Amino acid sequence: MKFGCAFREYLQEEREWFLGEKCAHVEYIRLKKVLKSCQKDTSSDKDLLCQCQSCPLCDQQFFSELMKEASDVVGYFSSRVKHLLHLHISPGLHRYVLRLGRQCFKSDRQTLTQEGRILIEYIAMNAIAMRKILKKYDKVHSSVNGENFKSRMHAEHIELLHSPWIIELGAFYLNSTGLDSCELDGVYGHFSCDLNIKKDVMTLILPDSIKLEYALTCAICLDFVFNPYALSCGHIFCKSCACSAASVMIFQGLKAASPESKCPICREVGVYSKAVRMLELDLLMKRRCKDYWRERLASERVDTLKQSKEYWNLQSTYAIGLLMSNFSSWLFRLGSSSSKFFYRYRTLHNKYAPTVSNNHSTRNASSTSLLPLALALSAGSLALHPHFNPSFCDTERGVNVGGKGSTQFVVKGSHKEFPRELLEDLKIICQDNISVDYDERYIHGKPQNSFHKAVNIPDVIVYPRSEEEVSKIVSLCNIHKVPIVPYGGATSIEGHTLSPHGGVCIDMSLMKTVKALHVDDMDVVVEPGIGWMELNEYLEPYGLFFPLDPGPGASIGGMCATRCSGSLAVRYGTMRDNVISLKVVLANGDIVKTASRARKSAAGYDLTRLMIGSEGTLGLITEVTLRLQKIPQHSVVAMCNFPSVKDAADVAIATMRSGVQVSRVELLDEVQVKAINIANGKNLPECPTLMFEFIGTEAYAREQTQIVRKLVSEHNGSDFVFAEEPEAKKELWKVRKEALWACFAMEPNLEAIISDVCVPLSHLGDLISRSKKELDASPLVCTVIAHAGDGNFHTVILFDPSQEEQRREAERLNQFMVYAALSLEGTCTGEHGVGTGKMKYLEEELGVEALRTMKKIKAVLDPNNIMNPGKLIPPHVCF
């Protein structure tokens with residue numbers, strides 16, 4: 001039976017008793033007739049297909065209607081599954097009340113199973129109809145519009161077979177049967193569900209042989225998902241991991257997350273407010289993995305208790321600080337109001353009191369007795385409310401974190417009361433886009449991907465929508481001499497977004513517009529808040545892309561500020577090479593354009609390069625003109641193994657010297673490969689590994705692959721494998737992309753220092769060899785990851801921050817690699833930037849005169865030192 005007949009018969013079945021009148025379906029039969037009419041109307045020959053890529057006749061009735069139907073089907077399916085599972089899990093009286101009006105005298109399990117079966121058929125038949133009609137569209141129009149529409153549905157979370165409720169239905173069946181797998185035969189096909197605990201995978205086989213595999217691994221802790229929650233974007237995490245990603249306490253729950261909190265995978269905003277706890281999957285975990293469940297439960301309870309104590313300690317500290325502040329203010333007013341009285345009293349006393357030898361001590365007895373109390377209250381007040389005193393030699397006010405020889409991770413700073421009039425003016429400018437909420441300020445003041453911390457957090461968060469608003473905000477802050485900290489994608493790891501002096505945090509996330517795209521010139525003008533991944537999605541239909549690929553979630557503005565790069569820098573260069581022009585708001589509010597849109601210019605100072613890498617200390621970037629590249633026609637991904645990291649580094653160097661135009665050369669040591677095996681259940685050889693990507697025409701990419709294969713064989717390499725198919729390439733490259741998460745999976749309770757040294761390419765082998773010996777001798781777990789094509793070398797050093805010995809050992813290893821790189825004419829940071837974490841190495845690398853020159857430039861552009869103070873330039877540098 002053809003699918004059209006099967007779908008018609010499915011629609012004619014009597015299911016109204018369960019599905020109801022509001023049940024939505026894909027209009028498969030009618031839409032198919034539309035396509036047939038299109039084919040007949042546009043072809044004189046019946047066998048000739050319509051040659052138009054897209055026709056108004058189809059599209060008017062097609063994609064908008066399909067989008068609405070898919071949305072309705074997903075919405076109806078999720079609500080019905082939610083109701084069904086609620087009936088299954090709800091206890092006692094609640095369960096009885098919910099089931100009133102149902103067929104109470106039937107076997108309850110049988111009834112629930114039957115209804116679940118109907119829902120499986122419902123979602124499967126509509127999904128098949130959707131896929132077939134889109135495939136038919138592409139066939140009729142000789143296009144890929146239907147395939148693109150499927151990708152759009154997936155991006156908007158209405159792809160029918162990617163709903164977490166399907167996983168819940170599968171778990172429901174396994175809970176009902178008590179088996180690890182179940183099989184059911186229905187009217188329209190076979191349904192089966194299987195749980196593989198070893199691989200953390202649930203497999204569903206739906207009618208029409210649709211096989212779906214759902215990974216039950218939390219993307220953050222990389223363990224079997226525990227206490228699972230599905231965010232509204234569809235991604236599944238353990239509750240504690242999701243809370244951590246959203247910067248909320250476990251006992252507060254995901255609903256307490258800020259509207260700006262992002263999914264750790266897709267970086268979508270606002271996905272926590274509609275998060276759903278997957279009860280059936282959780283129940284399945286309790287039954288199948290009892291020991292694991294008990295361990296995770298105990299661990300989560302410990303974390304919850306710890307967070308609760310920290311939360312209430314913080315509240316208590318805040319309340320005491322407020323009380324002390326008010327009391328100090330009251331005491332000051334009391335002293336001021338009574339000073340005249342004491343002056344008159346002393347005058348009269350001196351005039352009429354008898355003269356005796358100890359009259360001085362007598363007169364001051366009362367004031368001396370109050371001195372200890374006054375000193376104590378003054379000290380408490382100063383501790384709670386120190387004053388921000390801008391200076392171009394920060395050691396004058398005792399701020400020495402990040403200075404020469406510093407080993408502290410908590411950045412100290414001064415703070416003053418936020419001006420009330422400034423707050424009122426900011427509210428007028430930003431209207432609703434301003435926040436003084438403590439949780440929101442805490443999230444912005446504590447980097448999510450860094451162990452660096454500060455004693456203070458921002459006083460106010462503003463979300464400007466335009467360049468003019470940024471200019472007004474900065475100008476007001478300059479008048480009041482209030483510090484400014486710019487905030488982008490929050491992916492930096494060196495403390496760039498810390499607010500050690502409080503002040504105003506300017507979050508650029510609302511400024512994410514593509515202002516102009518010049519396809520012929522291969523450049524684009526964007527606002528700073530747009531992410532590089534979002535930008536590439538926008539550019540893909542035009543056959544263009546922006547080639548830098550730092551961490552997911554990074555914004556273009558932040559990438560300019562830190563002069564970042566990524567794995568593609570070996571082919572396309574760093575941010576410095578891919579920015580044509582900027583618009584920058586200076587500390588006084590002036591808006592400066594640094595260059596024209598021409599690809600080269602010799603007009604004046606290169607202000608563009610001055611601002612790139614300035615980390616917000618000279619101005620705020622409000623517009624960026626970027627150089628674009630054509631999407632490669634063909635690519636090949638290759639992987640090979642070596643007996644030592646020195647051999648692997650030598651091959652990377654030989655490859656670059658040979659003239660082969662690789663787009664990526666990545667090196668992983670044996671510890672990193674072991675972490676990947678543990679995290680992903682792979683069986684890769686645990687030895688140093690090199691990964692390559694070759695791009696160009698198909699013939700060129702294959703030719704380059706064979707050249708590198710020969711180089712590998714000449715340097716003790718083995719197991720050279722390569723892939724050209726998209727899925728195979730994705731699977732190979734996934735090994736590198738998940739490297740950091742794999743490290744945390746190997747040691748889930750530890751934090752990481754990530755080194756970022758870079759040396760001339762000829763010294764890379766020497767640096768890695770020296771560093772590897774030191775790392776292997778350390779008691780800490782350390783992995784090596786390198787962008788080997790340009791000499792950039794990372795080490796992930798895992799340590800327990802609560803253990804002082806481990807913290808000092810981690811810092812020692814990091815310093816060893818930095819000084820080793822500097823001795824080889826390298827740098828302390830290849831792409832992560834300076835922030836607060838790398839300031840202490842700059843004098844060794846650049847010399848004090850270079851740092852004084854930087855400080856003079858900052859003094860001219862930012863005389864009040866309000867632009868991201870305490871970053872980039874070491875505090876001990878004076879001029």
Side-chain angles (χ1 to χ4, degrees), residues 467 470-471 474 484 486 488-489 492 496 506 508 511-518 521-532 535 539 544-550 554-566 568-569 572-629 790 827 829-835 846 850 853-862 867-868 871-873:
E467 187 175 70
V470 174
S471 176
V474 172
I484 291 171
S492 61
H496 297 87
I506 302 182
M508 310 296 280
M511 294 180 62
K512 54 193 309 181
T513 305
V514 177
K515 301 179 79 171
L517 172 62
H518 308 103
D521 298 326
M522 293 177 65
D523 67 52
V524 65
V525 183
V526 299
E527 290 184 321
I530 190 170
W532 67 273
L535 178 60
L539 296 172
L544 300 172
F545 81 113
F546 180 61
L548 272 69
D549 59 340
S555 65
I556 295 296
M559 292 163 66
C560 291
T562 57
R563 202 190 305 145
C564 80
S565 53
L568 286 167
Y572 299 105
T574 69
M575 204 69 188
R576 178 185 59 190
D577 308 301
N578 289 277
V579 175
I580 299 172
S581 174
L582 296 171
K583 275 192 176 181
V584 181
V585 174
L586 301 182
N588 62 356
D590 289 350
I591 301 174
V592 175
K593 181 181 178 182
T594 63
S596 69
R597 203 164 55 83
R599 284 298 179 102
K600 63 179 183 179
S601 171
Y605 294 123
D606 194 345
L607 298 180
T608 305
R609 303 297 174 271
L610 175 64
M611 291 298 170
I612 294 175
S614 64
E615 300 185 5
T617 60
L618 302 180
L620 265 65
I621 296 170
T622 55
E623 183 181 287
V624 188
T625 303
L626 298 169
R627 188 191 307 264
L628 303 178
Q629 302 290 338
D790 52 18
T827 176
T829 174
E831 58 185 5
H832 293 168
V834 177
L846 302 174
T853 303
M854 293 181 190
K855 202 122 187 180
K856 290 175 184 177
I857 293 172
K858 180 169 174 61
V860 173
L861 296 179
D862 181 22
M867 306 300 288
N868 210 7
K871 317 290 170 57
L872 189 64
I873 303 174

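Here the structure is a predicted model, which means the values were calculated and not measured.
Here the closest non-hydrogen pair linking Ala587 and Val474 is O-CG1, 3.4 Å. Nearest heavy-atom pair, His832 versus His496, reported as atom, atom and distance to 0.1 Å: O-CE1, 3.1 Å. Heavy-atom minimum distance, Leu548 versus Gly573: CD1-O, 3.8 Å. Closest approach of Leu568 and Asp549 over heavy atoms only: N-OD1, 3.3 Å. Of all non-hydrogen atoms in Ser596 and Ser581, the two that sit nearest each other are O-CB, 3.6 Å. For the pair Glu615 and Gly835, the tightest heavy-atom approach, listed with the atom from each and the gap, is OE1-N, 2.8 Å.
When the side chain to side chain donor-acceptor pair (under 3.5 Å) test is applied to Thr622, the partners found at least two apart in sequence or on another chain are Glu467. For Tyr572, the ring pair (Phe, Tyr, Trp, His ring centres under 6.0 Å) partners two or more places apart in sequence, or in a different chain, are Phe545. By the side-chain contact (heavy atoms from CB on, under 4.5 Å) test, Asp577 pairs with Thr574, sequence neighbours left out. Residues forming a side chain to side chain donor-acceptor pair (under 3.5 Å) with Thr608 (at least two apart in sequence, or on another chain): Thr594. For Ser471, the side chain to side chain donor-acceptor pair (under 3.5 Å) criterion is met by no residue, not counting sequence neighbours. With sequence neighbours excluded, the residues forming a salt bridge (charged side-chain N to carboxylate O under 4.0 Å, His left out) with Glu623 are Lys515, listed by chain and number.
A side-chain donor-acceptor contact under 3.5 Å links Asn588 to the backbone of Asp590. Counting only distance, with no hydrogens or angles, the side chain of Arg609 and the backbone of Arg576 share a donor-acceptor pair below 3.5 Å. In this structure a side-chain-to-backbone donor-acceptor pair under 3.5 Å is missing from Asn578 to Phe546. Judged by distance alone, the side chain of Lys871 and the main-chain N or O of Thr617 form no donor-acceptor pair under 3.5 Å.
Residues Lys858 and Leu618 have side chains in contact (heavy-atom distance under 4.5 Å, counting atoms from C-beta outward). By the 4.5 Å heavy-atom criterion applied to side chains, His518 and Val525 are counted as neighbours. Contact check for Ser555 versus Met508: no side-chain heavy atoms found under the 4.5 Å cut-off. At least one side-chain heavy atom of Leu626 sits less than 4.5 Å from a side-chain heavy atom of Val579. Contact check for Gln629 versus Leu539: no side-chain heavy atoms found under the 4.5 Å cut-off. With contacts defined as side-chain heavy-atom distances shorter than 4.5 Å, the pair Ile612/Leu582 qualifies. A 4.5 Å side-chain heavy-atom check between Leu607 and Val584 finds every atom pair outside the cut-off. In this structure, the side chains of Met867 and Leu861 stay at 4.5 Å or more apart for every pair of heavy atoms.
To the nearest 0.5 Å, atom CG of residue Leu610 and atom CG of residue Asp606 are 8.5 Å apart. Put simply, CZ on Arg563 and OG on Ser565 are 10.5 Å apart, with the number rounded to the nearest 0.5 Å. Within the model, atoms CG of Asp523 and CZ of Arg599 stand 6.0 Å from one another, a figure rounded to the nearest 0.5 Å. The distance from the NZ atom of Lys600 to the CD1 atom of Ile580 is 13.5 Å, given to the nearest 0.5 Å. Rounded to the nearest 0.5 Å, atoms CE (Met575) and SG (Cys564) are 5.5 Å apart.
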* Using the side-chain contact (heavy atoms from CB on, under 4.5 Å) rule, take Val592 and Met611 through it: C-alpha gap first, then chi angles, then the decisive distance, then the call. => CA-CA 11 Å; Val592 175; Met611 291 298 170; over 6 Å; no

* After noting the C-alpha distance and the side-chain angles of Ile621 and Ile556, does the key distance pass the side-chain contact (heavy atoms from CB on, under 4.5 Å) rule? -> CA-CA 10 Å; Ile621 296 170; Ile556 295 296; over 6 Å; no

